[in-house]
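Encoded as structure tokens, the structure appears first; notes follow it.
In what follows, every chain begins at residue 1, and chains take the letters A, B, ... in the order their sequences are listed. Since the model is a prediction, treat every value here as computed from it, not as a measurement.
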Amino acid sequence: MSTKPNHLSEKKPLASKLQQNGSSTSNTNKMKTPVVPNKKANMKNTKQMKKSKFSKSTKVQPGSTDGQRKWTTLVHNGVIFPPPYQPHGIKILYKGKPIDLTPEQEEVATMYAVMKDTDYMQKPKFLENFWNDWRRILGRNHVIQKLDDCDFTPIYEWHQQEKEKKKQMSTEEKKAIKEQKMQQEEKYMWAIVDGVKEKVGNFRVEPPGLFRGRGEHPKMGKLKRRIRPRDITINIGKDAPVPECPIAGESWKEIKHDSTVTWLAFWNDPINPKEFKYVFLAASSSLKGQSDKEKYEKARMLKDYIHNIRAAYTKDFNNKDKDPTKRQIAVATYLIDKLALRAGNEKDEEEADTVGCCTLKVSNVECIPPNMIKFDFLGKDSIRYENTVEVELPVFKAIGQFQAGKGENELLFNALDTSKLNAHLKELMPGLTAKVFRTYNASITLDQQLYEETEEGDVAEKVVVYQKANKQVAIICNHQRTVSKTHDSQILRLTERIETAKQELKELKIDLERAKKGKPPLKGADGKQKRNLSPEAIEKKIASANQKIEKYEMDMTTKEDLKTVALGTSKINYLDPRITVAWCKRHEVPIEKIFNKSLLAKFAWAMDVDPEFRF
DNA sequence: CCTCTCGAATCGGGGTGAGACTA
DNA sequence: CTAGTCTCACCCCGATTCGAGAG
């Protein structure tokens, strides 16, 4: 991770920007204390910091001893644990009879009971995994020998009542509880990084529960056990005080002082002990902002290389004598570039069966002559990717050949994996990997769309232009959302409203004609006599009715259009915020119309961009 | 006819935790 | 490989808007 040359000429050191930012956010957070660390060790560093950050970025070359260092001092308060389980003592029935459970057994039973009305109850895998874990906790010799004979209804009903009680609570009570929680959590919300107070992202330890994977996950239903202090490793500056363990009588697993990483704490994932859960700083922090900026700078760099890269892969898939690996790389790169596919790492049996570019199976693509390819597969989060695209003829032929002689379940790109692909990409441009194409294509699309489509008009119209561009990007990236449960009824109601409005309009037009001739208006649909109005007044009403219809129709088309498209994801992860900020500046659109509070905080680093900025 | 009020519907944002990518 | 970081959709809850009815 080398520092880009254009960072070196940064006008302001990032730290000073964040100071400003910190003080402005502190207002909203009712923070009265200035952004100053309270420990002496850090007082010293606060002063050094501005200077050292400046000099570091101007003098220290990548690869030097401190090229890996992410911070110099780090102070934080560790993590907060979910409250302990409160036994309710409600008994489940086994073969119709109430059964006593220990609090631990009861806790797991409760996790299961509350999922009664979800569709997990229909999934054999879920039931099997849950039963295995619960049985272990019950002990092999427990009277309960079969999940099927258990009746969890009493716990479920109790849980429903509790939920109801919570709902019934007055706003004051709710507020008081929230206030108290805030007070407890306040100290965990902040870390002091190089003397600057920064927000911590996820300082709450994940509560125990039953694992719910996305799609057909082999581990669904497994018990995610409670995490204890002894599971948690803390990372903190050498001179910083060790965070106090919030559970009396217990202690942290380990204290580390690793300044080459950005995590504040981690623990092993109880579902997959080989994996880890980390506590990081929030997206609005300088550390995250910096790497975010680097991500977009890398994507921008691709702009200068893309022409050659495209020329190269076009040459490669045209060249039939080339070794198959090269040809597969060329086609894969083409797909990643053109369709913004993900790289597609190999996955083992323990994970849901989803694919990306390198792991596409023969059955996921279908060649439709003369030159169309139909893709149909489950991608990340088991989201379906379904798309039929026209491709260049050599690509069409090549894919046909890759499929030839293979079974449905074999890899389309058998000579390829993500590391080979990325190794190849790195030869084309320093630091280039598959995911850079997604960022590049998303951002360049937004930039072009905004440039081409924005016309003179009022703010609302310009915002619509932005949303349209945003939608295009979301479609490219296949960012989907499930259709809301109430979508159909919403559409229905809009249709009804349009109908009644049209009916009204019709009557108004008749009334207008009559009014012009001095006749009274007709009776309405309800049979009541309407008032006499002047033609001008009726005209006004007609205009407003027309507007209403237009608005409803607009609402309906956008609603229908966007019912399965999620706009937020690309805004947060793929669109260079400087494109948006510059566009807002040029067209006098208030940035708040596009970015909400958290995006504004996250993209603080992009706010002073030149209005003429192009991606 | 207009304005206000109140409950319901809807929206939007933060949080969450699983999933993917890469050095 | 493992460790570390980035991505991503869903969920929930509070805020806002809507719409019916009262005044």
Gap between atoms [atom1] and [atom2], on [X] and [N] respectively (whole Å):
X       : N       : atom1 : atom2 : value
R214(A) : dC11(C) : CZ    : C1'   : 10 Å
R342(A) : dA20(B) : CZ    : C1'   : 7 Å
Y278(A) : dT16(B) : OH    : C1'   : 18 Å
N268(A) : dA3(C)  : CG    : C1'   : 11 Å
D381(A) : dC6(C)  : CG    : P     : 18 Å
L378(A) : dG19(B) : CG    : C1'   : 14 Å
F266(A) : dC6(C)  : CZ    : P     : 18 Å
F437(A) : dT22(B) : CZ    : C1'   : 15 Å

Can you tell which of [options] lies closest to the side chain of [X]?
X       : options                  : answer
K295(A) : dA20(B), dG14(C), dT7(C) : dT7(C)
P207(A) : dA9(C), dG17(B), dT22(B) : dG17(B)
R204(A) : dT5(C), dG17(B), dG15(B) : dG15(B)
H479(A) : dG19(B), dC8(C), dC10(C) : dC8(C)
K288(A) : dT5(C), dC21(B), dG19(B) : dT5(C)
N345(A) : dT5(C), dT7(C), dC21(B)  : dC21(B)

- [ ] Let me know, please, whether K380(A) or G201(A) comes out on the 5' side of the other along DNA chain B by nearest nucleotide.
- [x]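 Comparing both residues, the 5'-ward one is G201(A).
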Open item on the list: With nearest nucleotide decided by heavy atoms, which residue, T433(A) or D269(A), maps closer to the 5′ end of DNA chain B?
Closed with: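 The 5'-side residue here is D269(A).
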What contact category does [X] fall into here, base, sugar-phosphate, or nothing, at under 4.0 angstrom with non-hydrogen atoms?
X       : result
K224(A) : sugar-phosphate
I383(A) : sugar-phosphate
G344(A) : sugar-phosphate
K219(A) : nothing
T482(A) : sugar-phosphate
A352(A) : nothing

Please confirm whether the shortest side-chain N or O distance from [X] to OP1 or OP2 of [N] is below 4.0 Å.
X       : N       : result
R438(A) : dC8(C)  : yes
Y574(A) : dC8(C)  : yes
T262(A) : dT5(C)  : yes
T354(A) : dA20(B) : yes
K435(A) : dT7(C)  : yes
K70(A)  : dT5(C)  : yes
N202(A) : dT16(B) : no
S598(A) : dG14(B) : yes
K175(A) : dG14(C) : no
N573(A) : dC6(C)  : no

Ring of [Y], cation from [X] - is the NZ or CZ under 6.0 Å from the centre and inside 45° of the axis?
X       : Y       : value
K123(A) : F126(A) : no
K224(A) : F211(A) : no
K197(A) : W190(A) : yes

With a 3.5 Å cut-off and no angle check, do the side chains of [X] and [Y] form a donor-acceptor pair?
X       : Y       : value
R578(A) : Y296(A) : no
N364(A) : Y385(A) : no
K347(A) : T354(A) : yes

Open item on the list: On DNA chain C, does the nearest nucleotide to T569(A) precede the nearest nucleotide to D258(A) from the 5' side, or the other way round? Give the residue.
Closed with: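 Nearest-nucleotide comparison on DNA chain C picks D258(A).
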Open item on the list: On DNA chain C, compare the nucleotides closest to F280(A) and Q480(A); which residue's is nearer the 5' end?
Closed with: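 With F280(A) and Q480(A) compared, the 5'-side residue is F280(A).
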Task: Note: K277(A)-D231(A) ion pair, threshold 4.0 Å (strictly below) - done: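 A salt bridge is absent here (no side-chain N lies under 4.0 Å from a carboxylate O).
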Task: Pair H76(A) and F203(A), ring centroids less than 6.0 Å apart - done: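 No, ring centres 6.0 Å or more apart.
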